[in-house]
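To start, the structure itself, in structure tokens.
Since the structure is predicted, the reported quantities are computational estimates derived from the model, not experimental observations. Throughout, residue positions are numbered sequentially from 1 according to the sequence presented.
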Amino acid sequence: MRVLPTELPDVLILEPTVHRDARGFFLETYQAERFAKAGISAPFVQDNHSRSARGVLRGLHAQRRTPQGKLVRAVLGEIWDVAVDIRPGSATYGRWTGVTLDAASCRQLWIPPGFLHGFCVMSEWAEIEYKCTAPYDRDDEIGVVWNDPDIGIAWPIKDPALSPKDAALPRLSALRS
């Protein structure tokens with residue numbers, strides 16, 4: 001497994017070793033010892049699976065009291081995945097990084113606790129799976145609107161399909177108070 005840094009400390013791109021032949025492929029999507037060597041040692045307690053159509057944008061989401069670390073991968077199609085640092089006192093607070101994840105490359109993105117997460121779908125359909133380090137808690141969920149000019153994410157789509165909840169999320173400045 002190759003571990004590649006991003007612009008944000010602790011957010012990592014993971015490129016697993018994929019064994020391919022005429023029958024298909026095999027890879028390890030998670031192996032505790034290898035991940036610990038890469039600095040990812042938090043236990044995973046929940047797996048999620050999401051399916052979305054082209055142009056759907058989900059996010060930006062996090063949890064305040066029980067932040068979730070997320071290990072994200074596309075199992076079908078292609079997404080553009082984003083992490084935004086909202087760790088209080090962080091030197092990179094409010095900065096973002098984005099990476100393409102697709103089923104063909106099998107790359108994964110590690111987003112540690114303390115980051116907003118969102119993605120948009122670039123292929124006709126995309127399915128993503130992500131492992132979480134804390135259970136989902138609806139009452140603890142926070143979010144920021146996808147196009148907050150204070151963050152300035154360069155999304156590769158202009159008019160995404162949003163849930164009503166995501167369309168009504170506040171700007172990052174509202175989280176600080």
Side-chain angles (χ1 to χ4, degrees), residues 5-14 29-30 32 35-36 38-53 55-76 79-101 107-121 126-155 157 160-177:
T6 67
E7 298 86 2
L8 297 178
D10 305 321
V11 177
L12 302 172
I13 299 167
L14 306 169
T29 60
Y30 175 74
F35 276 65
I40 304 167
S41 58
F44 292 106
V45 300
Q46 180 175 320
D47 286 355
N48 299 326
H49 188 131
S50 170
R51 179 178 168 93
S52 303
V56 167
L57 190 148
R58 295 184 185 269
L60 301 161
H61 305 137
Q63 291 185 172
R64 187 180 300 276
R65 291 178 306 279
T66 56
Q68 295 176 304
K70 296 178 179 175
L71 179 62
V72 185
R73 68 188 186 104
V75 295
L76 173 77
I79 64 169
W80 197 66
D81 208 37
V82 173
V84 179
D85 189 349
I86 58 167
R87 297 173 295 179
S90 170
T92 57
Y93 183 88
R95 288 187 42 205
W96 64 275
T97 189
V99 63
T100 298
L101 300 177
R107 291 193 329 168
Q108 297 174 295
L109 185 65
W110 165 244
I111 304 168
F115 287 76
L116 292 163
H117 174 241
F119 67 91
C120 64
V121 178
E127 293 189 25
I128 70 165
E129 291 184 344
Y130 53 104
K131 303 178 92 47
C132 300
T133 61
Y136 173 71
D137 180 351
R138 175 176 291 183
D139 295 332
D140 194 27
E141 188 173 28
I142 56 175
V144 171
V145 69
W146 71 282
N147 60 351
D148 184 337
D150 294 336
I151 301 171
I153 298 171
W155 293 100
I157 59 176
L162 302 167
S163 72
K165 178 183 87 171
D166 287 353
L169 288 171
R171 290 176 57 172
L172 181 61
S173 59
L175 285 186
R176 291 183 188 177
S177 50

Derivation and outcome, side chain to side chain contact (heavy atoms under 4.5 Å, CB included), residues Gln46 and Asn48: CA-CA 7 Å; Gln46 180 175 320; Asn48 299 326; 2.9 Å; yes

Check: Trp155 side chain, Pro160 main-chain N or O, donor-acceptor pair, under 3.5 Å: no

Non-hydrogen side-chain atoms of Asp47 and Tyr130 separated by less than 4.5 Å: no

From CD1 (Ile128) to OG (Ser52), nearest 0.5 Å: 7.0 Å

Option from Asp166, Leu116, Val144 for which side-chain contact (heavy atoms from CB on, under 4.5 Å) with His61 holds: Asp166

Thr6 side-chain N/O to Val11 backbone N/O, donor-acceptor pair under 3.5 Å: yes

Test item: Pro67 and Phe115 side chains (from C-beta on) under 4.5 Å apart, heavy atoms: no

Pairwise side-chain contact, Tyr136 with Gln63, heavy-atom cut-off 4.5 Å (strictly under): yes

Heavy-atom side-chain contact between His117 and Asp81 under 4.5 Å: yes

Beyond-backbone contact of Asp10 with Arg87, side-chain heavy atoms, under 4.5 angstrom: yes

Heavy-atom check, side chain of Thr92 versus side chain of Pro9, under 4.5 Å: yes

Atom pair OG (Ser41) and CZ (Phe35), whose distance is rounded to the nearest 0.5 Å: 12.0 Å

Side chain to side chain contact (heavy atoms under 4.5 Å, CB included) between Ile153 and Asn147, worked out: CA-CA 7 Å; Ile153 298 171; Asn147 60 351; over 6 Å; no

Closest contact, heavy atoms only, Ala62 versus Ile86: CB-CD1, 3.9 Å

Side chain to side chain contact (heavy atoms under 4.5 Å, CB included) assessment of Leu109 paired with Leu12: CA-CA 6 Å; Leu109 185 65; Leu12 302 172; over 6 Å; no

Distance (rounded to the nearest 0.5 Å) between Leu169 CG and Ile142 CD1: 10.0 Å

Shortest non-hydrogen separation from Ile157 to Trp146 and the atoms involved: O-CZ3, 4.4 Å

Name of the residue among Ile79, Leu76, Val121 meeting side-chain contact (heavy atoms from CB on, under 4.5 Å) with Glu127: Leu76

Sub-4.5 Å side-chain heavy-atom contact between Glu129 and Leu71: no

Rounded distance [0.5 Å steps], CG in Asp140 versus CZ in Arg138: 13.0 Å

Any donor-acceptor pair under 3.5 Å from Arg107 side chain to Thr100 backbone: yes

Pair Glu141-Lys165, salt bridge (Lys or Arg N to Asp or Glu O under 4.0 Å): steps then yes or no: CA-CA 12 Å; Glu141 188 173 28; Lys165 178 183 87 171; 3.2 Å; yes

Polar contact flag, side-chain donor to acceptor under 3.5 angstrom, Thr66-Asp137: no

Between CG on residue Leu162 and SG on residue Cys120, distance to nearest 0.5 Å: 10.5 Å

Verdict with supporting geometry, Ser163 and Arg58, side chain to side chain contact (heavy atoms under 4.5 Å, CB included): CA-CA 8 Å; Ser163 72; Arg58 295 184 185 269; over 6 Å; no

Val99 vs Val82 side-chain heavy atoms within contact, under 4.5 Å: no

Modelled atom types, side-chain donor and acceptor of Gln108 and Tyr30, under 3.5 Å: no

Between Thr133 and Gln68: side-chain donor-acceptor atoms closer than 3.5 Å: no

Thr29-Arg73 side chain donor-acceptor pair, cut-off 3.5 Å: no

Shortest non-hydrogen contact from Ala83 toward Ile111: CB-CG2, 3.9 Å

Minimum heavy-atom distance between Ile151 and Gly94, given as atom pair plus value: CG2-O, 3.7 Å

Leu14 versus Trp110, closest heavy-atom pair with distance: CD1-CB, 4.4 Å

CH2-CG distance between Trp96 and Asp85, expressed to the nearest 0.5 angstrom: 14.0 Å

